[in-house]
Amino acid sequence: FTNGFDAGASVGYRPDMYAKNGRGTLVNHLIIGLGGTGGKTLAAIRRLILQQYHEVEPTELALNYLYVDTSAEDVRIANITAPLTEGDLTWRTRGRSVQLSPSQIVHLAQGNFAAVVENPEDYEGFNGWLGDTGLWRAIWNSAPNGIEAGGQLRRFGRYLLAQNIGTFRNALVGALNQRRQDGAADANWTFHVIAGLAGGTGSGTLIDVLGQIRDIQLGLQARLVAYV
């Protein structure tokens, strides 16, 4: 899935992506992209679908998307409300945008990380796994403008998800409920979670995102697949 989408190019032809269950209802799929690799893969999937179906979100494919990232610039560009540059080949194909709606994007914004490092005892949810606060203090002080996005730091990516966990959970529930509101949802879902392991956001959020999906059941029968 992560190398120019070549490995996942068969997604448009996979019968389980648009097969119906015994009651004739479309099987539902939620594709979640984490970090830069996840975002690029979501864009590649949407480009491929547009090329094959002439629509970005065709009704015959019961798909929804969720893009989760720490980069403010990357999520801004992915948003359908943002104008694309003329040379953008990520979120555009054949002259048409494949950008996401605001409800399909979760920005893991930075909070007051300096306060967490200085007073870890006040943040019980973090201090059990955050690690050596002295080392974090040195990293933080070496970046006068703050750590950029996930900073290629796996544990920092995990911290940013923890800090924004309510936002992520709300977006996840909203994505599931949207299919129900459209009258097309079935209790059977497949969650596809895509992440790279070389940076900070994808690798730092992957395990906790999988855990959150398992925690938010909403009465669903779900299959969970990770692509790394």
Between [X] and [Y], which heavy-atom pair has the shortest distance, and what is it?
X	Y	answer
V106	V75	O-CG1, 4.4 Å
W189	A175	CH2-O, 4.1 Å
L66	S103	CD1-O, 3.9 Å
G157	T205	O-CG2, 3.5 Å
A222	F191	CB-CE1, 3.5 Å
R76	A82	O-CB, 3.1 Å

To the nearest 0.5 Å, what is the distance between [atom1] ([X]) and [atom2] ([Y])?
X	Y	atom1	atom2	answer
I194	Y227	CD1	OH	7.0 Å
L63	I45	CG	CD1	8.5 Å
L100	Y65	CG	OH	8.5 Å
I80	S97	CD1	OG	3.5 Å
L224	I32	CG	CD1	8.0 Å
I105	D74	CD1	CG	10.5 Å

* **Validation row: L161, Q163 side chains within 4.5 angstrom (heavy atoms)** =>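 The answer is no; the side chains never approach within 4.5 Å.
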* side chain to side chain contact (heavy atoms under 4.5 Å, CB included) between T37 and T201: does it pass, once the steps are laid out? -> CA-CA 9 Å; T37 297; T201 303; over 6 Å; no
* Evaluation steps, side chain to side chain contact (heavy atoms under 4.5 Å, CB included), between V209 and V68 -> CA-CA 10 Å; V209 163; V68 182; 5.7 Å; no
With distance as the sole test, does [X] use its side chain to make a donor-acceptor pair with the main-chain N or O of [Y] at under 3.5 Å?
X	Y	result
R47	L42	no
R46	E57	no
Q52	I49	no
N28	A62	no
Q104	N64	no
H107	T70	yes
E55	L50	no
N164	L160	yes

* To do: Say whether I213 and I207 are linked into one hydrophobic cluster, either directly or through other cluster members, by side-chain heavy-atom distances under 4.5 angstrom.
  =>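 No, no single cluster joins them.
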* Asked: Which one of V193, L108, V228 satisfies the side chain to side chain contact (heavy atoms under 4.5 Å, CB included) criterion with L34?
  ->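 Only match with L34 under side chain to side chain contact (heavy atoms under 4.5 Å, CB included): V193.
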* Apply the test side chain to side chain donor-acceptor pair (under 3.5 Å) to residues R169 and Q212: give CA-CA distance (whole Å), side-chain angles for both, the deciding distance (0.1 Å), then the verdict. => CA-CA 7 Å; R169 287 175 66 94; Q212 290 297 316; 2.4 Å; yes
* **Listed once per pair and sorted, the side-chain hydrogen bond (donor to acceptor under 3.5 Å, both in side chains) pairs that draw on residues 80-92, sequence neighbours left out** =>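 As it turns out, the side-chain hydrogen bond (donor to acceptor under 3.5 Å, both in side chains) pairs with a partner in residues 80-92, which skip direct neighbours, are N79-T81.
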